[in-house]
A.B. asks: 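Sharing a structure here in structure tokens format.
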Amino acid sequence: DAGVTQSPTHLIKTRGQQVTLRCSPKSGHDTVSWYQQALGQGPQFIFQYYEEEERQRGNFPDRFSGHQFPNYSSELNVNALLLGDSALYLCASANLDRGPDNEQFFGPGTRLTVL
Amino acid sequence: AQKVTQAQTEISVVEKEDVTLDCVYETRDTTYYLFWYKQPPSGELVFLIRRNSFDEQNEISGRYSWNFQKSTSSFNFTITASQVVDSAVYFCALSEDYTGANSKLTFGKGITLSVRP
């Protein structure tokens, strides 16, 4: 049973560019959340998708957008990259239909470096 | 607003010592969930335990134990007889009530644990 997978593993971009990160949830999961983890910090919630709609959003600017596909996989898009966007981007999945008493499983992350 | 504080930043112990990682949280919700995650150098967050606010029963699982006290808003984690493989960053996290454990997680800044042989 495959866990949460993310691609690519590493990415280098320059300021002003746009980037797309991808996530495939754990089998049987229908909800995908994205987190940004700056070096030496805890993960910060970006947003969560369920049934192809944004369900919750953290305190991130509109440059951060996402999408969820019918197969539950998800993309995170960041426009007009800034140096401060350099971070580890983590994807987490869960099954909302199982109710509140279950946990989110995290992927290995995508390391984004903005030069 | 929710907040998780992990006052310890780095802890270094010698193998076989016991170590306790502290976590203090703030929330206005009456029902919430608390978590501990482990992050090894590979980067992937590994789930360790989940507790909801109604369940103050402390638990022991192998070398791991947890102490949840609502009166002091603390959710501490103890590793007994630590091993080198326990070296990692440990995060405490809090989840809002109305959507349960699947919802937004608020993390602390993490505690870097180094276990020396």
Side-chain angles (χ1 to χ4, degrees), chain A residues 2-6 8-10 23 25-26 28-51 53-60 72 87-112, chain B residues 1-10 21-25 29-55 61 66 75 88-112:
Chain A
V4 180
T5 59
Q6 294 186 242
T9 306
H10 295 87
C23 171
K26 183 177 169 64
H29 286 185
D30 55 15
T31 306
V32 172
S33 301
W34 287 92
Y35 292 81
Q36 179 196 67
Q37 186 178 15
L39 199 61
Q41 301 295 315
Q44 299 284 319
F45 177 78
I46 303 174
F47 42 54
Q48 183 182 75
Y49 278 83
Y50 172 66
E51 293 188 339
E53 300 219 346
E54 186 181 286
R55 181 169 171 267
Q56 283 185 298
R57 189 178 181 92
N59 190 25
F60 277 79
Y72 306 117
L88 179 68
Y89 287 84
L90 294 164
C91 170
S93 73
N95 188 319
L96 207 65
D97 291 340
R98 288 184 190 163
D101 277 338
N102 66 97
E103 61 276 2
Q104 299 182 36
F105 288 84
F106 282 81
T110 294
R111 174 78 59 190
L112 172 65
Chain B
Q2 297 188 326
K3 185 178 179 182
V4 174
T5 301
Q6 297 181 261
Q8 304 153 309
T9 54
E10 293 185 25
L21 309 181
D22 298 334
C23 174
V24 174
Y25 62 92
D29 292 329
T30 55
T31 304
Y32 47 88
Y33 292 81
L34 293 162
F35 302 80
W36 275 96
Y37 280 89
K38 172 183 178 180
Q39 188 174 44
S42 62
E44 185 169 341
L45 283 169
V46 178
F47 166 79
L48 295 176
I49 189 172
R50 174 191 69 249
R51 269 288 176 270
N52 71 52
S53 53
F54 292 129
D55 182 6
S61 175
W66 293 269
F75 185 48
V89 182
Y90 289 82
F91 290 96
C92 180
L94 173 65
S95 175
E96 297 172 331
D97 158 51
Y98 61 94
T99 49
N102 299 308
S103 69
K104 165 190 172 184
L105 293 174
T106 299
F107 285 86
K109 291 189 175 182
I111 302 169
T112 300

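Values in this document were obtained by computation on a predicted structure and should not be read as measured data. Sequence lines set the chain letters: A, B, ... in the order given, protein chains first and strands last, and positions in each chain run from 1.
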A.B. asks: Name the orientation class of the two ring planes belonging to B/Phe47 and B/Phe35 (parallel below 30°, tilted from 30 to 60°, perpendicular beyond 60°).
C.D. replies: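 Perpendicular.
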A.B. asks: Under the ring pair (Phe, Tyr, Trp, His ring centres under 6.0 Å) rule, collect the residues that match up with B/Tyr90, sequence neighbours excluded.
C.D. replies: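 If we apply the ring pair (Phe, Tyr, Trp, His ring centres under 6.0 Å) test to B/Tyr90, skipping adjacent residues, the hits are B/Phe77.
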A.B. asks: Which atoms of A/Phe47 are under 4.5 Å from chain B, going by heavy atoms: the side chain, the backbone, both sets, or neither?
C.D. replies: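 Neither part, no heavy atoms under 4.5 Å.
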A.B. asks: Determine whether a donor-acceptor pair (N or O, by modelled atom type, separation under 3.5 Å) exists between the side chain of B/Gln6 and the backbone of B/Gly110.
C.D. replies: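 Yes, because the side chain of B/Gln6 sits within donor-acceptor range (under 3.5 Å) of the backbone of B/Gly110.
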A.B. asks: What pairs with A/Tyr72 under ring pair (Phe, Tyr, Trp, His ring centres under 6.0 Å), at least two apart in sequence or on another chain?
C.D. replies: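 Applying ring pair (Phe, Tyr, Trp, His ring centres under 6.0 Å) to A/Tyr72 gives none.
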A.B. asks: Please flag which part of B/Gln39 lies under 4.5 Å from any non-hydrogen atom of chain A: side chain, backbone, both or neither.
C.D. replies: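 When you check distances to chain A, only side chain atoms of B/Gln39 fall under 4.5 Å.
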A.B. asks: Go through the atoms of A/Gln37 and report whether side chain, backbone, both or neither lie under 4.5 Å from a heavy atom of chain B.
C.D. replies: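 Only the side chain of A/Gln37 comes within 4.5 Å of chain B.
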